[in-house]
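Step one of this worksheet: look at the structure below.
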Amino acid sequence: MANQRIIPVGPYHPLQEEPELFKLYCEGETVKDIKWETGYNHRGIEKLSESKTFEQVFFLVERICGICSTSHPFAYANCMEEIAGVDVPDRAKYIRSIVGELERLHSHYLWVGLAGHFLGYNTVWMWAWKYREPVLDLFEIISGNRNSYAMFKIGGVRRDITADQIRLARKTMNDLKKKNDLLTGAVMDDPVIHARTKGVGVLSKEDVMDYAAVGPTARASGWEIDVRRDDPYAAYDMVEWKVITASEGDVFAKAKVRLLENYESIKIIEQCLDGLEKEPEGHTEVKVKEIPEGMGTGRAEAPRGEVFHFVKTDGSNSPVRHKIRAPSYVNIATFKKACVGQTISDATISLAAVDPCYCCTERMAFAYDWHSGKKIYDGNQLVELSKQKTQQLRNNA
Amino acid sequence: MMEKQTILKNIEEQLPEAVTGTAMIRDKRYLIDIRPDALLEATRHLYEHLSYRFIIASAFESKQGFEIMYHFSDDASGSIINLHVVLPQDKPEIESLANMFAGANWIEREMREILGITFRNHPEPEKLLSDGNWAEGVYPYRKNYNKT
């Protein structure tokens with residue numbers, strides 16, 4: 001204990017979307033333990049939901065996450081349609097899946113870019129974020145917004161995708177395939193990225209099952225779970241695609257799963273566009289008159305894993321109880337396994353590997369001496385440490 | 001109906017003492033009422049023997065007292081199995097599941113802070129969300145919580 005130093009990562013930190021404080025207990029360069037504090041920005045959304053009408057809740061849950069803003073409305077719609085006992089038209093199913101997969105694409109690109117940045121690979125960062133732009137442009141054309149698309153409603157979708165937009169989406173997907181090849185090659189074939197990410201932040205299959213982790217975090221450790229396939233919703237059982245897994249459980253495996261999932265997302269979108277062309281335009285919803293008393297569970301596979309919503313209703317116009325479980329809630333807890341035993345310079349990428357949602361741009365991480373309270377590293381210096389390690393590997397290569 | 005027979009029948013047969021009622025809410029969605037003191041036994045069966053995945057738990061206050069739904073996923077069949085317990089209003093207490101799987105650690109601490117439910121033998125009973133954020137003994141998700 002005498003030689004331990006605490007390095008706080010957070011509460012406001014580019015590694016995390018939500019303000020959370022991770023205290024890395026270090027001896028020398030090695031992380032010996034990790035503790036966290038949350039609740040800095042508890043918005044009480046579950047409680048707020050009880051004061052909204054069922055239709056208003058869509059706009060509330062869309063604001064839970066800025067990056068995967070459609071995954072919560074997706075799960076909530078599945079949940080409410082389960083209670084109401086309605087089946088949405090095929091055209092709406094295709095549109096929902098298209099929106100869901102476009103979101104996965106832009107979210108995975110965002111992650112790859114930031115992971116590259118933390119490793120000191122700014123080329124990967126610039127490429128990934130450049131390739132993400134056309135996806136956001138497509139969102140703007142389809143929904144009017146680059147983020148928070150407001151596409152979902154109980155019984156269907158709010159906006160149709162027109163024939164012109166289908167043509168544009170096809171072109172965007174076609175262009176993206178080549179860019180995806182470039183980016184995937186740049187990450188998967190680079191020996192220095194291998195050296196920085198292989199064997200780093202390893203989570204075993206037992207670990208992810210113990211923490212009930214989901215999404216790419218679970219799939220990269222060989223746990224083959226994906227709600228899109230296991231409990232199909234929207235158009236996911238109407239198109240051909242496969243679940244991507246890896247067995248190593250390290251940062252590289254998580255990157256690999258996300259990069260290869262991008263190809264699957266493009267495949268799903270293209271097939272959904274085919275499906276849309278066969279369906280009559282405008283048939284995008286069924287009217288739902290009332291929500292009966294009951295309870296429902298809805299889930300959707302967000303870019304980070306399964307989003308889960310539980311709603312209890314009493315026949316009125318608002319939820320009695322609305323429980324929401326975002327994937328990061330279970331994935332973040334795995335840091336305890338992923339970071340302990342790592343060096344500080346690897347902790348940055350290990351923390352980032354589960355993609356705990358990036359949103360905040362202000363860095364407030366400092367390393368203090370345990371005894372004197374004197375500042376040793378600030379946030380930029382921590383990233384600098386990580387970059388130096390990459391540079392050393394490059395020089396030695 | 002085949003699934004109902006396999007999933008619910010299995011649980012009814014294996015846990016005759018623990019289960020007080022079962023229902024198929026709709027296709028692939030099941031509700032199992034259990035006695036609160038049989039939670040560990042029932043969960044061990046679902047988690048260890050049937051390899052169901054723990055999703056999360058939802059707690060709420062009702063006329064009966066405090067209710068908790070432990071949501072489990074059977075990924076092989078795409079089903080959600082809800083273990084349901086009712087705890088008395090005056091003494092909401094139940095055994096912690098966090099010793100069985102770490103996935104229950106955070107949510108039990110959260111339920112304690114927002115509703116005041118006690119989880120016995122929790123391995124890490126520190127506060128998760130409310131440390132320094134709201135007063136001791138204030139449970140904002142209780143029905144009698146004054147919003148103003």
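Below, read A as the first sequence line, B as the second, and so on, with proteins coming before strands; counting in each chain starts at 1.
- Within 6.0 Å of CD on B:Glu17 lie no more than 12 heavy atoms contributed by other residues, nucleotides or ligands.
- A search for side-chain hydrogen bond (donor to acceptor under 3.5 Å, both in side chains) contacts involving A:Lys32 returns nothing, not counting sequence neighbours.
- Within the 4.5 angstrom heavy-atom criterion, no atom of B:Ala104 approaches chain A.
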**Message:** Using side-chain contact (heavy atoms from CB on, under 4.5 Å), reason through B:Phe60 and A:Lys323 one step at a time and then give a plain yes or no.
**Reply:** CA-CA 9 Å; B:Phe60 52 93; A:Lys323 173 70 198 161; over 6 Å; no
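- Using a 4.0 Å cut-off between a side-chain N of Lys or Arg and a carboxylate O of Asp or Glu, B:Arg29 and A:Asp231 qualify as a salt bridge.
- For a residue to count as touching a neighbouring chain, one of its non-hydrogen atoms must lie under 4.5 Å from one of that chain's; by this rule A:Glu46 touches chain B with backbone and side chain alike.
- Looking at residues two or more places apart in sequence or on another chain, you find no side-chain hydrogen bond (donor to acceptor under 3.5 Å, both in side chains) involving A:Ser97.
- Here CH2 of B:Trp106 is found 5.5 Å from CH2 of A:Trp36. Values are rounded to the nearest 0.5 Å.
- Environment of NZ in A:Lys35: sparse, with no more than 12 heavy atoms of neighbouring residues, nucleotides or ligands closer than 6.0 Å.
- Annotation: maximal heavy-atom pairing with chain B below 4.5 Å, among A:Val330, A:Val227, A:Thr297, occurs at A:Thr297.
- Atom CD of B:Glu126 is surrounded by more than 12 heavy atoms from other residues, nucleotides or ligands within 6.0 Å.
- Heavy-atom pairs under 4.5 Å with chain A peak, among B:Glu110, B:Lys127, B:Glu61, at B:Glu110.
- For B:Ala76, no part lies under 4.5 angstrom from a heavy atom of chain A.
- Distance check: A:Arg299 CZ to B:His71 NE2 gives 11.0 Å after rounding to the nearest 0.5 Å.
- In terms of heavy-atom pairs under 4.5 Å with chain B, the best-connected choice from A:Asp230, A:Ile324, A:Asp226 is A:Asp230.
- Among the candidates B:Leu31, B:Ile80, B:Ile25, the residue making the largest number of heavy-atom pairs closer than 4.5 Å to chain A is B:Ile80.
- No more than 12 heavy atoms of other residues, nucleotides or ligands shown are found within 6.0 angstrom of NZ on B:Lys91.
- Using a 4.0 Å cut-off between charged nitrogen and carboxylate oxygen, B:Glu67 and A:Lys312 do not count as a salt-bridge pair.
- Separating the CZ atom in A:Phe308 from the CD1 atom in B:Ile56 is a distance of 8.5 Å, to the nearest 0.5 Å.
- Going from atom CG of A:Asp210 over to atom CZ of B:Phe54 covers 12.0 Å, rounded to the nearest 0.5 Å.
- Heavy-atom distances place the backbone of B:Met100, and not its side chain, under 4.5 Å from chain A.
- In this structure, chain A has heavy atoms under 4.5 Å from both the backbone and the side chain of B:Ile55.
- B:Asn82 contributes atom CG, which lies 4.0 Å from atom CE of A:Met295 (distance to the nearest 0.5 angstrom).
- A donor-acceptor pair is defined here as one N or O able to donate and one able to accept, closer than 3.5 Å; no such pair exists between the side chain of B:Arg53 and the backbone of A:Ala212.
- The greatest number of non-hydrogen atom pairs below 4.5 Å with chain B, out of A:Arg229, A:Glu82, A:Met209, is found for A:Glu82.
- Only the side chain of B:Ile114 comes within contact range of chain A, with at least one heavy atom under 4.5 Å from a heavy atom of that chain.
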